[in-house]
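Along the sequence shown, residues carry numbers from 1. Please read these numbers as outputs of a predicted model, since none were measured by experiment.
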Amino acid sequence: ARTVSVGETVTLTVLRDNEQETIDVTLSARPEVERPEAPAAPEGPEAPAGVWLGIQGGTLTPEMAEAMDLDAAQGGVLVGQVIQGSPAYDAGLRGSYETAYLNGQPVQVGGDVIVAADDTPVAGMEDLLAFLRQAEPGQEVKLKVLRAGEQIEVLVTLEAPTTATR
């Protein structure tokens with residue numbers, strides 16, 4: 001894979017109506033995301049607990065791990081999608097970008113795998129959710145992440161959930 005820059009023209013090959021076509025596309029910068037004004041946080045028993053990270057994903061299974069050239073015993077949370085404008089988005093977490101076929105079913109793989117939060121191991125989604133329930137809005141969290149098989153650290157500043165994010 002090569003790196004491309006804003007303003008550069010690239011040629012894409014697409015399949016449209018069962019025929020291959022090539023299209024020249026000029027790349028532009030990703031537009032800035034306007035965040036909606038957060039509504040006032042409700043108080044009392046209906047108040048949201050914890051924080052909002054802004055990912056969709058799930059526990060990494062042995063089959064998914066092997067499809068990503070990881071050890072089958074690797075645990076963690078596979079990031080399937082990063083919500084635009086979320087704390088995860090701002091921190092640069094990456095969602096899945098590849099399709100693997102596991103037991104004949106298409107499954108998205110290739111995204112970041114969260115393996116620890118503030119040095120607390122994350123074996124699966126339950127661990128990540130438990131950590132987030134104890135976290136505070138504004139807290140900066142160090143996530144240990146596997147990206148393309150390499151462990152990196154990503155700093156994310158958590159936010160309070162709003163009505164729009166629940």
Is [Y] reachable from [X] through a run of hydrophobic residues whose side-chain heavy atoms are each under 4.5 Å from the next?
X: Val109; Y: Val145; value: no
X: Ile152; Y: Val82; value: yes
X: Leu60; Y: Val154; value: no

To the nearest 0.5 Å, how far apart are [atom1] in [X] and [atom2] in [Y]?
X: Leu12; Y: Thr22; atom1: CG; atom2: OG1; answer: 9.5 Å
X: Thr157; Y: Glu140; atom1: OG1; atom2: CD; answer: 4.5 Å
X: Leu78; Y: Gln56; atom1: CG; atom2: CD; answer: 12.0 Å
X: Lys142; Y: Glu153; atom1: NZ; atom2: CD; answer: 4.5 Å
X: Leu132; Y: Trp52; atom1: CG; atom2: CH2; answer: 12.5 Å

Can you tell if the side chain of [X] reaches within under 4.5 Å of the side chain of [Y], non-hydrogen atoms only?
X: Phe131; Y: Val141; value: yes
X: Leu70; Y: Met64; value: no
X: Ile55; Y: Leu93; value: yes
X: Glu63; Y: Val107; value: no

Closest heavy-atom contact between [X] and [Y]?
X: Pro87; Y: Leu53; value: CD-O, 3.4 Å
X: Val115; Y: Gln74; value: CG1-NE2, 3.4 Å
X: Ala72; Y: Ala65; value: CA-CB, 4.2 Å
X: Pro161; Y: Val51; value: CD-CA, 3.8 Å

Side-chain donor or acceptor of [X] paired with backbone N/O of [Y] under 3.5 Å:
X: Ser86; Y: Gly54; answer: yes
X: Asp118; Y: Thr120; answer: no
X: Thr59; Y: Ala123; answer: no
X: Gln139; Y: Glu136; answer: yes

Indicate whether the side chain of Thr9 and that of Asp24 have a donor and an acceptor atom separated by less than 3.5 Å.
no
Do Gln108 and Thr99 have side-chain atoms, one donor and one acceptor, less than 3.5 Å apart?
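On atom types as modelled, these side chains qualify, holding a pair under 3.5 Å.
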Show, in sequence, the C-alpha distance, side-chain angles and deciding distance for Leu146 and Ile114, and conclude whether the side-chain contact (heavy atoms from CB on, under 4.5 Å) test is met.
CA-CA 7 Å; Leu146 294 177; Ile114 301 170; over 6 Å; no
Glu19 CD: over 12 foreign heavy atoms closer than 6.0 Å:
no
Neighbour count above 12 (heavy atom, 6.0 Å) for Gln20 CD
no
So which of Leu143, Val122, Val113 actually passes side-chain contact (heavy atoms from CB on, under 4.5 Å) with Val77?
Val122
Thinking salt bridges, do Arg147 and Asp112 make one under a 4.0 Å N-O criterion?
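Asp112 and Arg147: salt-bridged.
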Let me see the working for Thr26 and Val10 under side-chain contact (heavy atoms from CB on, under 4.5 Å), right down to the final yes or no.
CA-CA 6 Å; Thr26 302; Val10 295; over 6 Å; no
Go through it in stages, so that I can follow the logic: the residues are Val79 and Arg94, the test is side-chain contact (heavy atoms from CB on, under 4.5 Å), and I'd like the CA-CA distance, side-chain angles, deciding distance and then a yes or no.
CA-CA 7 Å; Val79 178; Arg94 297 181 184 173; over 6 Å; no
side-chain contact (heavy atoms from CB on, under 4.5 Å) assessment of Asp119 paired with Lys144:
CA-CA 8 Å; Asp119 296 319; Lys144 287 187 183 171; 3.2 Å; yes
